Every structure is written in structure tokens, then in C-alpha cells.
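Heads up, the thing below is written out as C-alpha cells.
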Amino acid sequence: MKPMSNVDIFTISDELNNLLSGARVDKSFQPTKDIVVMRFHVPGTGRIDLVMQCGSRIHISQYPLENPTTPPTFPMLLRKRIKGGHVESIKQHNFDRVVEIRVKKDKYYTIIVELFDKGNIILLDDENNIILPLKRKHWSNRDISSKREYVFPEERGINPINISENEFTELFENNSDSDVVRTLARNGLGSLYAEEVIARANEITEIDKNTVNNNLTEEQLKGLYEGFKKLFDNLKNESIKPQIVKSDSKEDVIPLDLMKYDSFEKTYYNTFNEACDEFYSKKVNTDIKQIKENAWNKKVGKFEKRLKLQQETLDNFEKTIADSTFKGEVIYSNYTTIENIINVVNTARDKDYSFKEIGKTLKKAKKDGMEEAQIYESIDPLGVLTLNIDGTTLNIDPKLTIPENAENYYEKSKKAKRKTKGALIAIENTKKQLEDIKSKKDSAMENISVPKKRVKKDLKWYEKLRWFVSSDDILVVGGRDANSNESVVKKYLEPNDIYLHADIHGATSTAIKLNGNKLNDNLLKESGEFAASFSSAWSKGFTSQDVFWVHPDQVSKTPEAGEFLAKGSFVIRGHRNYIRGARLKLAVGIVDYEGKRIMAGPIEALEKHSQNFVVLKPGFTKKEAIAKKILHKINEDNLITLDDIIRVLPSGKCDIDEEYHQRKKYEKN
């Protein structure tokens, strides 16, 4: 993957600083060993994901990557230290391939993103000491380890934004033995921008890129500086043109129009972040497919290797059966000849000859042409003879009879036959397992989860809040946090509406939008369950919670004298009506209300408005895990995403109410 250049990083850092300054830091993730994703909340914009890949890239992304179920150590530390903090600044360090993200929480923290070589991501404290690096590294002049002071890489190259003409000229004078293109490239511009500077200079005066610096004329030096300024003044003035360029053999992402790419097909983008997201995320998608396919191939290969070894073992058994049976028959066919040589050995042993001496005697007899000795090959220290009869090698023990020697071979054949049955069963099992794993691989590759672009939806006003439509077709809305609780009361609560709140600290301000309809017990019951479920009672694991309701004129933002009201809090004056023991259960499904959209509300409301929904209760499963199960069950025509489901879930862990679904299944049958 193409790593970002110094110019790319300058442009991206400037955009990120403008976009994320003041943003609140949310969770961090580590989808792969060298990619960290930081999530931010930007007022008026919402969620923004920043992707940082060691040694390669940094940009915001609309392509959410799949995260591991158990977060690794580094993102967990980021969550602990900087979640809830606010971004102070994002800047490039000395026009180098290093980005500094400064965050203020209880104190200042800095995230260093190194994009040179294999790269790194490092969290620093307010004294520039390393809290934790993603990767520990050590060089003679730099030690990237916890509790060490962070040392920036040695400064090299130039800053094209503020370099003067004299400093530019000195660059060539101080590298007199080098040539023009290498001098520019090695001083932070890289080959692409070095050649671009020369191409622009050639519009002023003729310069060969391989000209040795010593031979440059004053006019050529001036032309180089003019070409240099013409290019980089675009960065200085923020006159960028983010684009992806393509030809038959090359594709690149750049922030400026370059002469080198004049003939290329160009796609322009509003921001360089957007261009980088499209360019790099596509590459990552390809990488993810390759990684997952390689993982499946490894699993398939394991069974293929096992099958090959089992087949080889079976072949060896069959060979042993054939060879051993044949050798037993050869022994009987050459009974007299073998018996004669056995007698020679046994007679010699009776005369106290050693096996070594017997072997020498038989070897000499064979050489002298003795007929009985022609089948002799060798004899081992234990007296076992190796004979060769018409090309068949036999091992004969002189201490055994001819039938006993033959039986040894027949027994080998029988053992091999018995083992063959087990080998055949094992092979069949492995074949089934291989077919099964190949089938799973094909299915997985068809449904492979690669990042899909997250398109920000144009939400209705009530979708920015908690909401549901009752079984009586009445809209009920509630706040998501302190800010939206304020909005529910100040902006959306009308004189004829009803206000509800769970009788517990930490709950949504809920409004029944009657719009001329009459209040009834069923509507109060459903709204009470809604208000109770979207309260702290859910995260505490309660099964029921009292909820009170009042008329809008009883809700006030004016505290009693000497008291203070926090944001999202209200004073309730007068009599409160109570819904006792409101049930904490919610159903999530797709409804058709001003178009198809996801809704979370009381069970009765979903039973009325949805054909396919999931019932939830307070439980022990994390939001992301339960959201995946819900997505699998209710997603129609890929209408919703995982984020859509997470957005409508209550605060706290959930479980699917299997008892409800089993009962409904039984009732249908």
C-alpha cells in the first residue's frame, strides 16, 4: 500500500485540525495489528472515525472496519486515558511523516502517529513521556518504550511552506556532488514532487533532472525555485484539488494538480480526507478479502494435508499386504534352497563360528560359485539372513523353521489388512470434513464482511430522539441525553401533550404527542414502559420501574430560590400521576412510518406495526454483540446498518427475550 508523502500528511493534518478541533473523543478500536481507529463526536456533525495505519495513512473514514470482540491493550488504554477529552490540535511535525494529536482531558495527552518506515502510534503524557506505544522499538538514538521520554526522529529535509530562496539555493550548494532530482527527493519531497518541481521549472528554463548541482547556472537555480514556489504556494494558500488519478498501470491519490498526471483519468473530491478514504479503503477491502481467504485456505490445507498423509498410509498398507503375501509364497516356492543355506548357518554355529565368520564364508562361497550361496546377501549380528531370490529380498531367521519364517510375512500382511479398515474409515471422515470446510469457505467468501461505506442518513426530527409509534398510532418521543431532554421539553412538548419521566435519577424526558387525540390507559402503559426502559433502571438490571406523568404546564425550568438545575433537568410542580411497576422490555424492528425505518418501543407497538422484530430485556450481552444478532434477524433488503440498531438500543447490556419468541412460535403452530 502506498504510504502517504510529507505533502499528503501536511494537507491531511490541516484538514483534520479544522474538522476535529474541539471534538469530543469517543471510543478507540484496533481492527488489525497496525490499524487503530479513534471515534470522535463533532458538534453539529456527529460521529467521525479517524483511521490511523502505522507507516501508511491517517484520514477520516466512512468505511467502518470490523472490530475484535475483545479489544487489545492499546485501544483500551486510549479509552481509559482520553475518552471524553477534547481535541486541542492536530498538526504535522516539521513537515515530516509524523502527526501530533493533542487532547485535553484531566491533563494534556498527545497521540503520535508515525507514518515513516513500518510506523507506530504512541500515547504520551503531558511531560512528553511515553505511556504506551502500539509497538515497542529500540534504536541507538531512540527508545520507544513505556516510561521513556519520546524523542522525535532526527529532523531531515526542508519545509517547502516557509523556505526562503537563499535556503533553497544552499540546498544545492551543500549537495554539490549530487544531481537535481536526488537532492529534492532526499530532502522530504520524494521522487513524485521532486520531478514535479523540475517539470514546472522547465516552463521557465531548460533543466535536465540528472544535472549535477555543481553545473547548475544561476538562471536554472532561479527557475527551480520559481517552479518550487508555484507548486507549494498552493498548499500555503490552501488551494488544493484533492483527486484520485488513474491510468492502465497506475493509480494514485494526490492533493494537487500535477503535470505528471495530465494524461490520467481524474476524479476530484471535496476534501483530501474523502479522496484518501476512497483510495485507501478500497485497498484495505482487497487486503481483508485476501487475509480472510488465506485464513480459510490454511484451514482447507490442513485437511488436504491430512488426507494426503492418510492416503499415503493406505497405499503403504496395500503395498505391505501385496509384498508380504508374495514373500511368504516365495519362501515356500524356494523351500529346499532356503533350507540348505539355513542348515549351513546352523551347522557353523554348532561349531562355535561367529555370525561374522559365517558371513565371510558365505560371501567367499558365493564368489567361488557355490550354487547354494548365490541367494546370499548378508547376515546381521543377530544371525538374520538377507537373501535375494530372483530380485525379491527376504529376511530369514535361521533359528526358525521355513514355515515359521513364511508365517512372519503372512502375519505382516494380516496386520496391514486390519489397519487398512481403520485407514479407510479415517479417509472417509477426512473427506467429509474437507467437503464441509470447503463449503464453509465458499459461503464465507460469498458473504465476506468488508467495510461498506457508511452513508449519513437524512433523519426525521423524531429519529434524532428516542421515539416510537404506539399501537394507537400516537407518536411518543424522548431525549437521548441532557441536550435532547432539554429539546423535548422546550421545543417539542406542546400544551396538550403529556410529559413522563421514570421515577429514578437518569432517565429520558418523554412526551406523548397527542395532537388532539385522547389519552387512554393503553397509551399510558406503553409510554410508561418506554420511559422506564430508557432510564438507568435498564443498566441496573431492574425488571420494572415506577413512572410518573404530568401535564406540560407542571414542567418548569425555573428552580426554587437558592437551587440550581443541571442541563436536561426540570422542576415538576403539582400532583404527579403514577404508572406503577412499568415493565422494562423493548422490541426492535422495522416499521413503515413515513417510510421504512427502525423503531425501538413497547412490544405491543411493534406487534401492531412490524412483521419482524426482536424483544429485548435487561441482560448481560454487550450492545455490539446483541446488535449483530438483531441485524441478522430483521434486516430487510439491507435497509439498516449495525450503527442504526446500536443507536436505538437502551443504555446498558441486553439479552433477547427467548421465552417471548418461543411462546409466539408455539402460538403460531
Side-chain angles (χ1 to χ4, degrees), residues 459-504 507-535 537-538 544-558 565 568-610 613 647-648 650:
L459 299 176
K460 297 286 186 181
W461 68 269
Y462 50 82
E463 287 184 287
K464 297 175 183 177
L465 306 168
R466 303 285 189 189
W467 70 281
F468 79 97
V469 180
S470 74
S471 56
D472 298 327
D473 297 325
I474 306 295
L475 177 64
V476 179
V477 297
R480 303 183 64 85
D481 51 28
N483 287 330
S484 52
N485 275 343
E486 291 269 343
S487 295
V488 166
V489 174
K490 291 182 175 179
K491 191 174 179 181
Y492 301 115
L493 185 65
E494 296 176 312
N496 294 323
D497 293 341
I498 296 295
Y499 176 87
L500 299 93
H501 195 282
D503 198 17
I504 188 172
T508 177
S509 283
T510 303
I512 303 175
K513 304 295 295 172
L514 287 173
N515 289 328
N517 294 287
K518 289 185 178 180
L519 186 64
N520 59 63
D521 290 342
N522 182 64
L523 180 56
L524 278 173
K525 174 183 176 294
E526 291 179 16
S527 301
E529 290 181 2
F530 178 82
S533 296
F534 287 112
S535 75
W538 187 283
S544 64
Q545 173 63 43
D546 290 348
V547 175
F548 66 82
W549 65 270
V550 296
H551 295 284
D553 57 6
Q554 295 179 251
V555 184
S556 173
K557 190 66 180 174
T558 306
L565 282 179
S569 298
F570 299 91
V571 174
I572 306 298
R573 292 187 169 91
H575 175 71
R576 301 185 185 193
N577 305 283
Y578 277 88
I579 303 165
R580 298 295 183 183
R583 179 178 59 175
L584 267 74
K585 275 192 184 179
L586 285 172
V588 179
I590 294 174
V591 300
D592 193 350
Y593 180 72
E594 298 182 350
K596 288 195 173 183
R597 60 193 76 249
I598 188 167
M599 184 177 90
I603 298 171
E604 291 80 4
L606 271 294
E607 286 177 336
K608 167 72 181 298
H609 297 291
S610 178
F613 57 88
R647 179 179 172 79
V648 303

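Just so it is clear, the model here is predicted, and its values are computed rather than measured. Scope of the values below: all heavy atoms of this structure, side chains included, with no hydrogens, waters or symmetry mates.
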Pairwise distance [atom1]([X]) to [atom2]([Y]) - rounded to 0.5 angstrom:
| X | Y | atom1 | atom2 | result |
| --- | --- | --- | --- | --- |
| S471 | K525 | OG | NZ | 8.5 Å |
| D521 | E526 | CG | CD | 11.5 Å |
| F530 | I512 | CZ | CD1 | 10.5 Å |
| Y593 | D473 | OH | CG | 8.5 Å |

Quiz item: Taking the six-membered ring for Trp, is the centroid-to-centroid distance between F468 and Y462 below 6.0 Å?
Solution: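 Judged by ring-centre distance (under 6.0 Å), F468 and Y462 do not meet the cut-off.
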
Side chains of [X] and [Y] in contact at under 4.5 Å (non-hydrogen atoms):
| X | Y | answer |
| --- | --- | --- |
| T508 | R480 | no |
| R647 | L459 | yes |
| V555 | V550 | yes |

Regarding [X] and [Y], does a basic nitrogen lie under 4.0 Å from an acidic carboxylate oxygen?
| X | Y | answer |
| --- | --- | --- |
| D472 | K608 | no |
| K557 | E486 | yes |
| E604 | R583 | yes |

Quiz item: Just wondering, more than 12 heavy atoms not from D553 lying within 6.0 Å of its CG?
Solution: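 Check passes, neighbour count above 12.
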
Quiz prompt | Candidate pair E463 and R597, rule salt bridge (Lys or Arg N to Asp or Glu O under 4.0 Å), full reasoning | solution = CA-CA 9 Å; E463 287 184 287; R597 60 193 76 249; 2.7 Å; yes

Under 3.5 Å side-chain donor-acceptor pair for [X] and [Y]:
| X | Y | result |
| --- | --- | --- |
| R573 | S556 | yes |
| Y499 | S509 | yes |
| S535 | Q545 | no |

Quiz item: Does W549 offer a backbone N or O that forms a donor-acceptor pair with the side chain of N577 under 3.5 Å?
Solution: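 Judged by distance alone, yes, a pair lies under 3.5 Å.
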
Exercise. State whether the side chain of E529 and the backbone N or O of L586 hold a donor-acceptor pair below 3.5 Å, judged by distance alone.
Key: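 Not a single qualifying donor-acceptor pair exists.
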
Exercise. Could you please spell out the steps behind the side chain to side chain contact (heavy atoms under 4.5 Å, CB included) verdict for I498 and H551?
Key: CA-CA 5 Å; I498 296 295; H551 295 284; 3.7 Å; yes

Quiz item: What are the two closest heavy atoms between S533 and P650, and how far apart are they?
Solution: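 Closest approach of S533 to P650, heavy atoms only: O-CB, 3.8 Å.
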
